[in-house]
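Take a look at the structure set out below.
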Amino acid sequence: MNIVVDRERLIAEIEELALISDAQAPAVTRVVFSPTDMKARAWFIARCEKAGLQVRRDAIGNTFARWVGSDPAAAAVGTGSHIDAIPNAGKYDGVVGVLGGLEAIRTLQQSGFHPKRSIDLILFTSEEPTRFGIGCLGSRLLSGTMPAAAAKKLADKEGNSLEQLRASAGFSGPLEDVKLPDGYYRAFVELHIEQGPLLEQKKIPLGIVTDIAAPASLRITIEGSGGHAGGVLMPDRRDALCAAAELIIEIENAARSSGAVDTVATVGICEVFPGAVNSIPSQVHLTVDLRDTNLARRDAAMRRIEAARQSIALKRQVSIVEEIVNADAPAQCSPEIIAALSAACSKHRLPFIPMVSRAYHDSLFMSRIAPVAMLFIPCRNGYSHRPDEYAAPEDIERGVVVLAESLASLSS
Ligand SMILES: [Zn+2]
């Protein structure tokens, strides 16, 4: 089997898709279910059909383009990613995994290969949280990680419900039907830009992801007592910001003392009320983003934050209320798919390193119902989610070669 990627065609397609955007080039904005998103989907489906793939769409708009195998009843092999883009993003993020997946399939077709298992190219709906405030909506539903009932409650900032929006985008049928049964996929592989600087720094063309870190996000509200900055003496104070300051340091300590570099905690938002120079802060809102590749370790850090919350509230006589926004479990990639990717790299004499994905992707949720792994390619300066995001054509090509080779071995 001779794998020859049509690099010019693939790069031209990436450029063409980037122009279907609500932002001025080179920036890309494609928010889920917007007219621009729908135009991009139609453009993509036309390309899949031209390649002879059978296209199916589910009730949330996840789109499956299938190359039917010689044993159509066997569990399929999946690849793919997303094409939605946050405001003012770049052209490579999920697109490399989607159009790179299409190119991998076309490359295999051209080589004369015929899969035994069907190969699905998946375009996941709403990987980005832009519209509904939660990331990976399509893969959460597909994997049953999010129940349909919870999805039905979602709405965008303008108050349009998910149910209205998907109906007007032409996606009908019960959301309950989106979940795929366990065993539907024998393997799922996602090609993606690294979104970090390591591959570029090490001058290594490929990264094989062994672990996908998962975030837990918390919202914390601290209520103390306000008052005049001159009038209320120190023994009588219940300053919400001082309590927040102590808690933030404890959150940092919870990550620092976990014993592993993979535990990271961030307080990214701290809103102070009333926010006046001569007024004691009465209320503070914090957000916490806590990530790890190991669930037990992440949960231990969560418990440490919880203990700090209780003791600081007691000591400072303030109320500290914590709300868990989400606490997804991290994923370990499948040794079998890692082996297939490694063998493909070796066959094409491409150096690779094992990596941790510190951002999460649709693969994290696909891991709940199928063995998964991810393949990373370098991106310039590690930049992503910005207009100057860039992946070199030769790096994209290498990624597609290894993806095609792996899809062939996994579907045989
Ligand atoms: Zn992405």
Side-chain angles (χ1 to χ4, degrees), residues 13-14 17-18 20-21 23 26-32 36-37 40-41 44 60-63 78-104 121-143 145 188-199 206-209 211-215 289 291 326 328 330-331 333 355-367 372-391 395-396 399-400 403:
E13 284 178 341
I14 291 173
L17 180 53
I20 308 178
S21 159
V28 177
T29 299
R30 244 186 335 257
V31 177
V32 68
T36 303
D37 177 41
R41 287 164 179 262
F44 167 71
I60 192 70
N62 291 316
T63 301
T79 188
S81 194
H82 62 102
I83 62 165
D84 63 328
I86 65 163
N88 213 38
K91 49 180 104 146
Y92 300 94
D93 181 352
V95 168
V96 166
V98 174
L99 295 182
L102 176 59
E103 186 57 33
L121 172 60
I122 311 177
L123 183 158
F124 293 100
T125 286
S126 198
E127 194 268 350
E128 303 292 0
T130 314
R131 187 148 204 176
F132 298 110
I134 182 159
C136 297
L137 182 57
S139 52
R140 280 179 196 272
L141 283 164
L142 208 59
S143 61
T145 313
F188 178 80
V189 196
E190 183 172 3
L191 171 66
H192 210 282
I193 59 169
E194 184 198 338
Q195 302 182 292
L198 293 179
L199 289 173
L206 294 157
I208 296 177
V209 174
D211 294 271
I212 307 172
D289 176 304
R291 298 179 189 226
N326 63 290
D328 298 307
C333 292
M355 298 190 80
V356 168
S357 172
R358 294 181 195 283
Y360 70 98
H361 300 277
D362 292 304
S363 289
L364 177 65
F365 299 98
M366 290 304 281
S367 77
V372 304
M374 294 186 74
L375 181 65
F376 278 177
I377 60 165
C379 55
R380 191 168 60 198
N381 298 323
Y383 292 164
S384 184
H385 283 189
R386 41 189 278 180
D388 55 356
E389 180 183 83
Y390 177 76
D395 285 323
I396 296 173
V400 173
L403 178 64

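Residues take their numbers from the sequence shown, with the count starting at 1. As the structure lists them, so they are numbered: ligands from 1, and atoms in each ligand from 1.
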- [ ] Quick one: closest heavy-atom pair of M374 and S363, and the distance?
- [x] CG-OG, 3.5 Å
Open item on the list: Would R386 pass as a cation-pi partner of Y383, given that its NZ or CZ must be under 6.0 Å from the six-membered ring centre and within 45 degrees of the axis?
Closed with: yes
Task: ring pair (Phe, Tyr, Trp, His ring centres under 6.0 Å) partners of F188, counting only residues at least two apart - done: F124
TODO: Could you tell me which residues satisfy ring pair (Phe, Tyr, Trp, His ring centres under 6.0 Å) with H82, sequence neighbours excluded, listed by chain and number?
DONE: none
TODO: Could you list the residues that satisfy side-chain hydrogen bond (donor to acceptor under 3.5 Å, both in side chains) with T145, not counting sequence neighbours?
DONE: S143
Task: Environment of the Zn ion (ligand 1) in terms of protein N/O/S atoms, cut-off under 2.8 Å - done: H82 NE2, D93 OD1, H192 NE2
TODO: Take R41 and T125 through the test side chain to side chain donor-acceptor pair (under 3.5 Å) and record every step on the way to the result.
DONE: CA-CA 10 Å; R41 287 164 179 262; T125 286; 3.0 Å; yes
